[in-house]
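Presented below is the structure to which this report refers.
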Amino acid sequence: MGAASGLGRRRFLHSAAAVGVSAVGAMGLAGCNENKGPAGGGASGAGAAASGGGSGEHKVGGAGSVEVKPGQLDTHYGLWSSGHTGDARVIGIPSGRELLRIPCFVPDALIGWGLTNESKAVMGTKADGSLEYTVADTHHIHASYKDGIYDGKYAWINDKINARLARFRLDYMVCDKITKIPNIQGFHGIFPDKRDPVDPAINYTTRVFCGQEFHVPMPNKGKDLEDPTKYHCLFTCVDAETMDVRWQARIDGNCDLVATSFDGKLAASNQYNTENGVHFAEMMSAERDACLFFNIARIEQAIKDGKATTIGDSKVPVVDCTVEANKDPKTALSVRVSVPKNPHGVNATPDGKYFICSGKLSPTATVIELQKVLDWFDGKLDDIEKAIVAEPEIGLGPLHTTFDGRGNAYTTLFLDSQVVKWNIDTAIKKHAGDKALNPVVDRLDVMYQPGHINATQAETIEADGVWMAVGNKFSKDRFLPVGPMHPENDQLVDITGDKMILAHDNAVRPEPHDFVIFKRDWIHTKQVYALDDSPIAVKEPKATGVTREGKKVTVRMASIAPTYYPIEFNVKVGDEVTLILTNLDKVEDLTHGFALPEYNVQFLVNPLETKSVTFKIDKPGVFWFYCTNFCHALHLEMRGRMIVEA
Ligand SMILES: [Cu+2]
């Protein structure tokens, strides 16, 4: 992938008359021609290894082996979004081993998510008891903060399709709440705040900010279809604890990703459709789009002062953050900083000083100094554009940026199929006038077309600069072919030295988007539930049995390996059965399953966990319920009869 071809593509990108066509064309070029076939891939791989192996003048990597030997544990947890499988994944780093999938928005056959009454209550049901939604598209996952690092309490993930925010408890690694955000479509970026903008005692996450990418007429009732002035997006604040929607801000253009400042004062979203176009070509017309900053304390004061409206049936207060209404710095709730054409990322540096936005149709990254944005709100900066302190040219198709805690940024270059390492201070000095400086430190070919990137702890003040994961959207020749559907390739890179060293390819089921990685002792998971976690727990074998009220039957059941109590029960055709099962085994890893033929029932109960299912009896017969999750030498014998007399 030489300089000549890079220049050629850059010219092509910049000279094409219709930008949309050129973008698609350039992706096609990079995607199909440059890396075609095993030879191309092999050459790229060898090049990467050679650059890491180095001539000796550079400090080479020291992150260690990615091989985690039998019996050893990974050093880091990774929380991964899953894309349109609709769940989240827990990945061990550096091995890349998938340790868990955590369902939230969509049903999961393994644990019975979407089948048990408890999971349905979290997911939301229609009047007839069926699930409200069965598809989702998870993109961004972020964990709760305290004092600038993760506190191990929660993580959040978005559903882009149906505008929902899910929360995971990180102790049990389960989803405990889902919130539907009103009046929005294309819910994309999320970010928790890191402390309160006003109260210094609140040094932890209390809000989660959510961006709307697809603008719609508001209210969206089938009118004003071709009038762009009626289309808006909302930036939403959700309460981290209650998961209630606190407020929304109406804006021009859209939100894409979201970032928050470490002092809690600012949240921002990059915007690629500042044109507010309804059609594709209109969205591509402006040479510069923006990073839109929100002054959180002012927004919340405005709501207290009664300066909010509502939209449609929603009771959520909505403030006006449109450009026209926020021109006076003294009263502005929001302000735009310009970023070249169609940016697709905004990331906060771990020192708390800068947000970095990349314009994917511009070969640059824009460095915005947060203090200067605050100065503008305070009337101390006459021109908000002066908050831009660097705009280095780094390569083609820059998307997302991560950090090593040593002053370097690492940005994915989708079109170049590379990661570029560049020094932030050098870029700032160059922007200030020292034109001879080159902020680019290193480039690494990745396989292929990278999207998200994140280094260990890079979203916290303790970025440790050890490992960096790169989520590649195409894998092509990197794995055994499995038909037309290739896995994606998550690559792990050692970033401890001057040169990046490609350390590991990890095939992943499509298609994770974003992820965070942090050292394993930042969270403490629990392996055994407390009986009192469930108000309907069956606390001992003698509390088991069948009770009936008319046609409503409750079966209270317990499991102790290798048997169920009771081992059989009788019901009648026409009954509505609610079966409550508590696993009374309190030994770690002793999970039981409960499957019931012909009634579409299968779920798991972990040690001391309680679950329930409700189903209608519609046919007579003997139905053997049995344990699906291997539990004991007599696991196969762990079964019993549901008897429905004719
Ligand atoms: Cu069992």
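Note that these values count all heavy atoms, side chains included, but never hydrogens, waters or copies made by symmetry. Starting from 1, each residue takes its place in the sequence as its number. Order of listing sets the numbers, starting from 1, for every ligand and every atom in it.
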Task: Opening angle at the Cu ion (ligand 1) [ND1, His592; SD, Met638; to 10 degrees] - done: 90°
Task: Opening angle between SG in Cys631 and SG in Cys627, taken at the Cu ion (ligand 1), to 10 degrees - done: 130°
Open item on the list: the Cu ion (ligand 1) and His635: any N/O/S contact shorter than 2.8 Å?
Closed with: no
TODO: Answer yes or no for His632: is there an N/O/S atom below the 2.8 Å cut-off from the Cu ion (ligand 1)?
DONE: no
I'd like to know if [X] pairs up with [Y] as an ion pair, taking the criterion as any Lys NZ or Arg NE/NH1/NH2 lying under 4.0 Å from an Asp or Glu carboxylate oxygen.
X	Y	value
Glu459	Lys194	no
Asp464	Lys519	no
Arg169	Asp176	no

TODO: Could you tell me the separation between the CG atom of Asn506 and the CG atom of Asn472, rounded to the nearest 0.5 Å?
DONE: 11.0 Å
